[in-house]
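Only heavy atoms go into these numbers, but all of them, side chains included; no hydrogens, no water, no symmetry mates. So that the names make sense, note that chain A is the first sequence line, chain B the second, and so on, each numbered from 1.
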Number of protein chains: 2
Amino acid sequence: MAIDEKKIAESVAWRPGGAVKRAEQALMAEKSRVLRPFGLTVPQYAAMYALSLAPGISGAKLARLCSVTPQSMATVLKTLESRGLVERRPSSDHAQVLVTRLSRAGQALLRKADAEAVAVERRLVDAFTPDEIALLRELLERAVVVLAGTGHDDGADSF
Amino acid sequence: MAIDEKKIAESVAWRPGGAVKRAEQALMAEKSRVLRPFGLTVPQYAAMYALSLAPGISGAKLARLCSVTPQSMATVLKTLESRGLVERRPSSDHAQVLVTRLSRAGQALLRKADAEAVAVERRLVDAFTPDEIALLRELLERAVVVLAGTGHDDGADSF
DNA sequence: AGGCGTACATCAGGGCTTTGATAGTTCGGG
DNA sequence: CCCGAACTATCAAAGCCCTGATGTACGCCT
């Protein structure tokens with residue numbers, strides 16, 4: 001067997017998209033690993049982290065900060081709320097929005113989990129020179145612009 | 001309102017992980033968009049593409065090629081099979097493995113879908129110089145090594 | 001004041017992904 | 001010869017994520 005497995009693997013992997021995918025996967029895997037002891041998933045951690053920076057934000061805004069849809073954020077928040085890590089209550093001035101904040105337990109858990117999560121990013125950053133990190137970020141941002149700017153014509157960049 | 005929204009957004013986005021995540025997301029979103037008319041999701045397309053390069057491969061190997069778990073690949077293949085795009089039959093020499101190949105309809109659909117998918121990657125590649133692409137790939141691969149090489153000690157690299 | 005556009009939350013449905021566990025197959029060493 | 005290691009497929013349970021569609025609340029503009 002093994003038709004040409006090596007060759008095939010290369011054919012599949014050569015696309016830039018594959019490299020991005022694998023990097024994202026590796027990142028998620030590693031973060032999941034360090035977050036698991038706290039019973040948190042990566043999206044849950046991300047939501048709590050954003051929430052620590054912007055207490056009382058609406059679910060929709062939180063979703064935008066975390067780059068997910070409001071629906072995804074809703075499910076994440078629902079589980080977090082069921083565990084008592086966040087609290088949601090109707091806003092006083094906007095009957096429609098639910099004000100969300102970390103509970104005390106949530107803050108305490110986040111503090112510990114954040115240390116681990118930051119350590120992962122740090123391991124990553126430390127493996128490169130500052131120039132390389134800046135370059136990587138710049139290239140990725142450019143890729144986002146190219147990809148997002150095609151097709152539905154958001155404009156915003158041209159001119 | 002808008003506590004410091006700008007600032008917050010930056011705080012969330014500064015981490016290298018965020019850049020990778022957004023790039024991957026933009027890529028997925030754009031690929032999904034061009035694949036939608038064919039009724040294919042990105043994982044489905046990826047599986048069919050790999051299958052076109054390695055006809056009759058086992059589900060487990062296919063999963064490895066696509067960088068997903070065998071379970072994920074199983075669900076993908078199940079839907080593809082239910083649509084008659086792939087065919088699975090027990091192997092003659094390995095009673096356990098299911099030999100999977102594209103059906104004629106699958107081949108035809110892949111040919112059309114692939115053109116669109118390749119065009120997306122091409123738009124991406126064309127936005128950079130060859131040097132930049134190579135650099136991006138190199139940096140990402142290095143990130144994968146750093147992240148994957150920590151914690152569970154696969155070894156394999158350190159002499 | 002009434003209407004329209006914007007924003008928020010949520011329901012419904014389809015898919016992907018992961019961890020954990022079960023079970024049959026193949027092959028090689030003891 | 002039998003057993004264990006490696007591989008394959010699959011079930012089950014939890015979550016996440018997306019598209020599409022509803023219903024409601026706010027604010028501005030006419």
Side-chain angles (χ1 to χ4, degrees), chain A residues 1-2 5 21-22 24-33 35-37 39-48 56-83 88-100 152, chain B residues 1-2 5 21-22 24-33 35-37 39-47 56-83 85 88-100 152:
Chain A
M1 193 56 64
E5 216 142 316
K21 178 189 168 71
R22 279 193 305 281
E24 159 75 352
Q25 242 175 357
L27 192 57
M28 287 283 285
E30 185 60 10
K31 277 195 180 171
S32 295
R33 197 179 66 77
L35 253 25
R36 197 179 342 270
L40 290 178
T41 65
V42 175
Q44 284 163 5
Y45 159 74
M48 289 175 70
I57 205 177
S58 77
K61 283 183 181 171
L62 191 54
R64 282 194 290 274
L65 279 180
C66 295
S67 306
V68 299
T69 58
Q71 292 90 328
S72 296
M73 185 51 68
T75 67
V76 171
L77 289 179
K78 198 157 49 177
T79 46
L80 286 179
E81 187 178 21
S82 75
R83 288 190 211 163
R88 312 185 76 187
R89 45 175 48 191
S91 165
S92 45
D93 47 317
H94 273 288
Q96 188 66 7
V97 317
L98 282 182
V99 167
T100 306
H152 48 65
Chain B
M1 192 58 66
E5 215 142 316
K21 177 189 168 74
R22 278 194 306 280
E24 159 75 351
Q25 241 175 359
L27 192 57
M28 287 283 286
E30 185 60 9
K31 277 195 180 174
S32 293
R33 198 178 66 77
L35 254 23
R36 200 183 331 275
L40 290 178
T41 65
V42 175
Q44 284 163 6
Y45 159 75
I57 205 176
S58 76
K61 282 183 182 170
L62 192 55
R64 282 194 291 273
L65 279 179
C66 294
S67 307
V68 300
T69 58
Q71 290 91 328
S72 295
M73 185 52 68
T75 67
V76 171
L77 289 179
K78 199 158 49 179
T79 45
L80 286 179
E81 187 178 21
S82 75
R83 287 188 212 163
L85 296 174
R88 313 186 76 187
R89 45 175 49 194
S91 165
S92 46
D93 48 316
H94 275 288
Q96 187 66 8
V97 317
L98 283 182
V99 167
T100 307
H152 48 65

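The residue among A:R36 and A:K78 whose nearest nucleotide of DNA chain C is located toward the 5' end is A:K78.
The nearest whole Å value for the distance from the CG atom in B:L98 to the P atom in C:dT25 is 13 Å. Atom pair A:M73:CE and C:dA7:P shows a separation of 18 Å (rounding to whole Å applied). With rounding to whole Å, B:K61 atom NZ is found 15 Å from D:dA9 atom C1'. C:dC16 atom C1' lies 16 Å from atom NZ of B:K31, rounded to whole Å. Here the P atom of nucleotide C:dA7 and the CG atom of A:L65 are 15 Å apart, to the nearest Å. Residue A:M28 contributes atom CE, which lies 10 Å from atom C1' of C:dT18 at whole-angstrom precision. Atom pair B:L77:CG and D:dC11:C1' shows a separation of 16 Å (rounding to whole Å applied). Whole-Å rounding puts the A:E24 CD to D:dC16 C1' distance at 13 Å.
Counting all heavy atoms, side chain and backbone alike, A:G59 lies closest to A:L77 at CA-CD1, 4.4 Å. Closest approach of B:V97 to B:S58, counting heavy atoms only: CB-CB, 4.4 Å.
One N or O on the side chain of B:R83 and one on the backbone of B:G39 form a donor-acceptor pair closer than 3.5 Å.
The base of C:dT25 is not paired with the side chain of B:Q96 by any donor and acceptor separated by under 3.5 Å. With hydrogens and angles ignored, no donor-acceptor pair under 3.5 angstrom links the side chain of A:Q71 to the base of C:dG13.
Residue A:H94 places its side chain closer to D:dC26 than to any other of C:dC8, D:dC17, D:dC26. In this structure, the nucleotide among D:dG23, C:dT18, D:dA21 sitting nearest to the side chain of B:T69 is C:dT18. Residue B:S58 places its side chain closer to D:dT8 than to any other of D:dT10, D:dT8, C:dC16. Distances were taken from every side-chain heavy atom of A:P43 (C-beta onward) to each of D:dC17, D:dT8, C:dC16; the shortest belongs to D:dC17. Closest contact between the side chain of A:V68 and the listed nucleotides C:dC8, D:dC16, D:dC17 involves D:dC17.
Look at A:T41 and you'll find a side-chain N or O under 4.0 angstrom from OP1 or OP2 of D:dC16. Between D:dG15 and A:R83, a contact under 4.0 Å exists linking OP1 or OP2 to a side-chain N or O.
Contact annotation for A:Q44: backbone-only contact, meaning every heavy-atom pair under 4.0 Å involves sugar-phosphate atoms and none involves a base. Here A:A60 lies in heavy-atom contact (under 4.0 Å) with sugar-phosphate atoms only. Contacts of B:S72 with the nucleic acid, taken as non-hydrogen atoms under 4.0 Å apart, include base atoms.
The side chain to side chain donor-acceptor pair (under 3.5 Å) test with B:T100 is passed by exactly one of B:E81, B:R88, B:K61: B:R88.
Put simply, the side chain of B:P90 does not reach to within 4.5 Å of the side chain of B:V99, judged on heavy atoms. Between B:L80 and B:L40, some side-chain heavy-atom pair lies under the 4.5 Å cut-off.
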